[in-house]
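All values below come from the heavy atoms of this structure, side chains included, with hydrogens, waters and symmetry mates left out. Please read these numbers as outputs of a predicted model, since none were measured by experiment.
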Amino acid sequence: MTKQQTILVIDDNEDVLTTITQFLSQKNFTILSASNGLDALKICETEKEAIDLIITDLVMPSISGVAIISIVKEKYPNIPIVAITGWGEHPESLAAEAKADIVMEKPFDLSHLHNIIKKLLDGK
């Protein structure tokens, strides 16, 4: 039996966080969630061995998704990261610079997100 894969979802929009969390839970992933960057970084420290993939919003108060991506990629380079944004071109280039594996613009289709997650985790 294979272990259930764990995904950390980070978004300051409660509706987005709930929607992604519920959808991925139904796809048999273990979900950790954070509504801000500080909580997300704490989770990364305590659960670093368990996290298989991170999905983070790019634009959030206090610590941005771009900062989270940079920190995580430096400490845990093997964790794939999907950056999500509703802010168009500029944050996408920042996410690419911060080395996000994939950048998706909101709104996106959840089944498309699921396919991207499967590809990233299969390549891990």
Review point. Would you call Asp101 and Lys119 a salt bridge, taking side-chain N to carboxylate O under 4.0 Å as the test?
Key: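 Here Asp101 does not pair with Lys119 in a salt bridge, since their nearest N and O are not under 4.0 Å apart.
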Checking Ile7, Thr19, Leu110, Leu53 against Leu24 for side chain to side chain contact (heavy atoms under 4.5 Å, CB included), the one that qualifies is Ile7
Paired with Val82, the side chain to side chain contact (heavy atoms under 4.5 Å, CB included) test is passed by just one of Ile54, Ile20, Leu120, namely Leu120
Test item: [X] and [Y] side chains (from C-beta on) under 4.5 Å apart, heavy atoms:
X     : Y     : answer
Phe29 : Thr6  : no
Leu17 : Ser35 : yes
Cys44 : Leu8  : yes
Leu41 : Ile63 : yes
Asp57 : Asp12 : yes

Identify the heavy atoms of Ala100 and Ile69 that sit nearest to each other, and give their distance.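 Looking at all heavy atoms of both residues, the closest pair is N-CG2, 3.7 Å.
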Which atoms form the tightest heavy-atom contact between Gly65 and Met60, and what is the distance?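 Nearest heavy atoms, Gly65 then Met60: N-CE, 3.8 Å.
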Reported [atom1]-to-[atom2] distance for the pair [X] and [Y], which is rounded to 0.5 angstrom:
X      : Y     : atom1 : atom2 : answer
Ile102 : Ile55 : CD1   : CD1   : 11.5 Å
Lys106 : Ile84 : NZ    : CD1   : 4.5 Å
Glu14  : Ser33 : CD    : OG    : 7.5 Å

Q: Name all pairs fulfilling the salt bridge (charged side-chain N to carboxylate O under 4.0 Å, His left out) condition that reach into residues 16-42, sequence neighbours left out, sorted by first residue then second.
A: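 Checked against salt bridge (charged side-chain N to carboxylate O under 4.0 Å, His left out) - neighbours excluded - no pair reaches residues 16-42.
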Across all chains, not counting sequence neighbours, the side-chain contact (heavy atoms from CB on, under 4.5 Å) partners of Glu47 are Leu32, Ile43, Ala50, Ile51
Pair up each side-chain donor or acceptor in residues 111-118 with any protein partner under 3.5 Å, not counting sequence neighbours, and list the distances.
{"residue": "Ser111", "atom": "OG", "partner": "Asp109", "partner atom": "OD2", "Å": "2.1"}
{"residue": "Asn115", "atom": "ND2", "partner": "Ser111", "partner atom": "O", "Å": "3.4"}

**Asked** Under the salt bridge (charged side-chain N to carboxylate O under 4.0 Å, His left out) test, which residues partner Lys75, sequence neighbours left out?
**Response**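 Partners of Lys75 under the salt bridge (charged side-chain N to carboxylate O under 4.0 Å, His left out) test: Glu45.
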Sorted by chain and residue number, the side-chain hydrogen bond (donor to acceptor under 3.5 Å, both in side chains) partners of Asp15 (sequence neighbours excluded) come out as none
Applying side-chain hydrogen bond (donor to acceptor under 3.5 Å, both in side chains) to Thr30 and not counting sequence neighbours gives Gln4
